[in-house]
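As structure tokens, the structure follows; a few thoughts come after it.
Heavy atoms only: backbone and side chains are in, while hydrogens, waters and symmetry mates are out. Note that ligands are numbered from 1 as they come in the structure, with each ligand's atoms numbered from 1 the same way.
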Amino acid sequence: MKPYDAIVVGSGFGGAVVACRLAERGRSVLVLERGRRWARQDFPRPGQKDAPWWFEADEAPVANQTSARWGRHSCLPARTGLFERRRFPSMQVIVASGVGGGSLVYTNVQKVPPAEAFRGWPAPLALDYLRSCYERVREMLEPAPIPHDLERIRAFEAVHRRAGLADRVERPPLAIYWGEGDAERLNRFGAPQLPCNLCGLCLAGCDRHSKNTLDLTYLKRAEALGAEVWPLCEVVRIAPRDSGYEVVFRRLAGGTEAGKQGSKPFAPRSGAHDKEAGRQGEEKVVARAVFLAAGSLGSTELLLRARDLDRTLPNLSPRLGSNWSPNGDFFALLLDSALPIQPTVGPSVAAACDASDAGFYALEGAIPSSLATGHRTTVTWITRLVSWLRLSFLRRAREAAETRSCGDEEAERLLAYMGSFFLMGRDESSGRLVLDPSGCLQLLWHPAAGEALFARMRRYLEELGRAYGGAMLIPQPWWPLSPGTVHPLGGCPMGRDPSDGVVDSYGRVFGYSNLYICDASIIPRALGVPPAMTIAALAEHIAEHVTRSP
Ligand SMILES: Cc1cc2nc3c(=O)[nH]c(=O)nc-3n(C[C@H](O)[C@H](O)[C@H](O)COP(=O)(O)OP(=O)(O)OC[C@H]3O[C@@H](n4cnc5c(N)ncnc54)[C@H](O)[C@@H]3O)c2cc1C
Ligand code: SF4
């Protein structure tokens, strides 16, 4: 088999950047991505029958030493939807699946963390050192604050003024093509885009391609330069071979589905691909270097299996699985605000409060009307209940009359006075990913970790609720629901040596040459701000170092 110069596993913020920069330097690159390509019309939509929301592998347990998830190598996953949800006993984790990774579903925030977020990172990494890398990401993804003045932004700004926090409010840079009117443009990589129409569905994929996602930017450029991207190819094993690595994958829905979606036909470089070899349903490719970019859970799981089950990489650091963090994710809902909010208009997030001195960052969020439509009755009843509770405590008789009906109009009105808030912060990053005795990935995370941070967030949210004059539903430690995150970080932390981390500050895996990790898994502790820009900047830094070497 003729090797590729580089195989990249995963096509999110780490993988897309590295693939692009290596292709620019004339390296032969193959990207293996388990998810599909998502064209404008493919994204799931609320209310749509059989909408492809979930990526779900066949989880049937098997009686061999491999994991339940990957044990039945000839089985295709049940569904290849946009989101993967991993439910661990103490935490739910939601990530994306598709060419472009998390960029397909993220809320577009491109935020540079404060300098203190880099404390403890191995040299030379620090904010000042990485500034040029952030700049390169900015050039590619073109983030800009929302140019429109929305009711919900005005309300957010007003309540922060009331709470004496006006200087903390910002309109975060969003990687969205704002444009004007409704004219389609070709971006500078040749991808057609329509200007954002403020529909609020960024979290479910943008069916106007207004989001400057990775498939329309970094990956578009990588493919134009000859990089191959194979969707629906899930990597299951990595092993050293000759002077490089053999990467084993299974195709999840074959070339047929990929072809149907308008992706390039499955056309491997001659000689680099072995269809017959390996266990049933598996195929192999080889490369001189491998870049793992399957995300915090994906890359850590692949390496845990390689060290502990397949034993193809037995010398990986004992730190593998450590320093895992949900980035302090926290969510709250505001009902019955005294100020109009109109959360149905605008992108998924539009304004933020930077409370980095208190260790957190808060975003206000949209509630898309199409999502709320399907849940009108729920919206109405929750809000009526809260109004009634407030009535009994505050005796605001006027509201009693207003909440008696339960029609669509009322739901609409109640919706206009609702708000949602996403917070993230620098938690203790004390989680650990391990394989359980049946080979399944498990997360060891103590629910009390981060309580000091959450207490500060609760105080802020209570104040915000008062300033809005509404009822803020704030998760409490005694709630029976397990928390969730969309920002998993760590598992393969950077460190000074193998006793401190899994990779060094250039993404090189300790103990294995030409094996790199370039995604969220290498971030050694919570950033406390949205992490995508930092992951991309780190990937820029890693790629720069690799391409400088002969
Ligand atoms: C709903 C939501 C909103 C978010 N909003 C923001 C935001 O506004 N700003 C921000 O900074 N961050 C946001 N994030 C987080 C951000 O998306 C992630 O931090 C980021 O995508 C992580 O980058 P990554 O390269 O590590 O992994 P990902 O972007 O998750 O990419 C990993 C890729 O690897 C693929 N993969 C996994 N396993 C395998 C395998 N075995 N074989 C082949 N391919 C595999 C996956 O399908 C995926 O495409 C959001 C996330 C979600 C889910
Ligand atoms: S608000 Fe709608 S059109 Fe604008 S970026 Fe988000 S999904 Fe796309």
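- The N/O atoms of Val109, backbone and side chain alike, include one that comes under 3.5 Å of an N/O atom in ligand 1.
- Per-residue contacts place Leu203 under 4.0 angstrom from the following atoms of ligand 1 (heavy atoms of the residue considered): 1 (C), 3 (C).
- Between Glu282 and Arg250 there is no salt bridge, since none of the side-chain N atoms of the basic residue sits less than 4.0 Å from a carboxylate O of the acidic one.
- The heavy atom nearest to atom 38 (N) of ligand 1, considering only Gly10, Ala175, Ala294, is found in Ala294.
- With Val31 as the partner, the side chain to side chain contact (heavy atoms under 4.5 Å, CB included) test is satisfied by one option alone out of Val229, Val18, Val9, Ile7: Val229.
- Under the 4.0 Å criterion applied to side-chain N and carboxylate O atoms, Lys111 and Asp354 are assigned as salt-bridge partners.
- Atoms of ligand 1 found under 4.0 Å from any heavy atom of Gly14, numbered from 1 in the order shown, are 25 (O).
- For Val99, no heavy-atom contact with ligand 1 is shorter than 4.0 Å.
- Comparing Ser296, Ala539, Gly102, Pro347 against atom 30 (O) of ligand 1, the shortest heavy-atom distance belongs to Gly102.
- Using a 4.0 Å cut-off between charged nitrogen and carboxylate oxygen, Glu364 and Arg152 count as a salt-bridge pair.
- With a 4.0 Å cut-off on non-hydrogen atoms, Ser348 does not touch ligand 1 at all.
- Where the criterion is an N or O separation shorter than 3.5 Å, residue side chain and backbone included, Glu33 meets it with respect to ligand 1.
- Within the cation-pi definition used here (under 6.0 Å to the ring centroid, within 45° of the axis), Arg85 qualifies as a partner of Trp54.
- Using a 4.0 Å cut-off between charged side-chain N and carboxylate O, Glu544 and Arg136 make a salt bridge.
- For Arg154 and Asp149, the salt-bridge test passes: some basic side-chain N is under 4.0 Å from an acidic carboxylate O.
- In the vicinity of Pro347, heavy-atom distances shorter than 4.0 Å reach the ligand 2 atoms 1 (S).
- Under a 4.0 Å criterion applied to the non-hydrogen atoms of Pro530, ligand 1 contributes the atoms 9 (N), 10 (C), 11 (O).
- Residue Val95 places no N or O, backbone or side chain, under 3.5 Å from any N or O of ligand 1.
- When only interatomic distances are considered, the shortest N/O to N/O separation between Phe13 and ligand 1 falls below 3.5 Å.
- Checking only distances, Arg34 does come within under 3.5 Å of ligand 1, N or O to N or O.
- Both the sub-6.0 Å distance and the 45° axial angle are satisfied by Arg34 relative to the ring of Phe55.
- Cys206 lies close to atom 8 (Fe) of ligand 2, since one of its N, O or S atoms is found at a distance under 2.8 Å.
- Ring geometry for Phe43 against Trp38 counts as parallel: the plane angle stays under 30°, on a 0 to 90° scale with 60° as the upper cut.
- Taking the charged nitrogens against the carboxylate oxygens, Glu301 and Arg307 have no contact shorter than 4.0 Å, which rules out a salt bridge.
- Of the heavy atoms in His487, only side-chain atoms (C-beta onward) come closer than 4.0 Å to ligand 1.
- Summarising the contacts of atom 18 (C) of ligand 1 with Ile535, Leu252, Val529, the nearest heavy atom is found in Ile535.
- Annotation: cation-pi geometry satisfied between Arg185 and Tyr177 (NZ/CZ under 6.0 angstrom from ring centroid, within 45° of ring axis).
- In summary, the atoms of ligand 1 found under 4.0 Å from a heavy atom of Thr107, numbered by their order in the structure, are 3 (C), 4 (C), 5 (N), 6 (C), 7 (C), 8 (O).
- Interface of Ser97 with ligand 1, defined as ligand atoms under 4.0 Å from a residue heavy atom, comprises 47 (O).
- Taking SG of Cys206 as the reference point, atom CG of Asn108 lies at 8.0 Å (rounded to 0.5 Å).
- Put simply, CG on Asn323 and CG on Leu489 are 10.5 Å apart, with the number rounded to the nearest 0.5 Å.
- Close to ligand 1: Cys233, with a non-hydrogen atom less than 4.0 angstrom away.
- Taking every heavy atom of Leu32 and a limit of under 4.0 angstrom, the matching atoms of ligand 1 come to 43 (C), 44 (N).
- Counting the atoms of ligand 2 from 1 in the order shown, those under 4.0 Å from a heavy atom of Lys211 are 5 (S).
- Atoms of ligand 1 lying under 4.0 Å from any heavy atom of Ala532, numbered from 1 in the order shown and given with element: 10 (C), 11 (O), 12 (N).
- Close contacts between ligand 2 and Cys202 involve ligand atoms 1 (S), 5 (S), 6 (Fe), 7 (S) [criterion: under 4.0 Å to a heavy atom].
- Note on Asp42 versus Arg37: no salt bridge recorded, every NZ/NE/NH1/NH2 to OD/OE distance being 4.0 Å or above.
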### From CA spacing to verdict: ring pair (Phe, Tyr, Trp, His ring centres under 6.0 Å), Tyr516, Tyr506
CA-CA 8 Å; Tyr516 298 82; Tyr506 297 94; 9.8 Å; no
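- Counting heavy atoms closer than 4.0 Å to ligand 1, residue Val236 contributes nothing at all.
- Residue nearest to atom 51 (C) of ligand 1, selected from Ile94, Val486, Leu104, Val235: Val486 (by heavy-atom distance).
- Atoms of ligand 1 lying under 4.0 Å from any heavy atom of Ala520, numbered from 1 in the order shown and given with element: 26 (O).
- Note: no N/O pair closer than 3.5 Å links Leu302 and ligand 1 by distance alone.
- Going from atom CZ of Phe189 over to atom OG1 of Thr217 covers 6.0 Å, rounded to the nearest 0.5 Å.
- When the heavy-atom distances from atom 32 (C) of ligand 1 to Gly298, Ala293, Ala204 are ranked, the shortest goes to Ala293.
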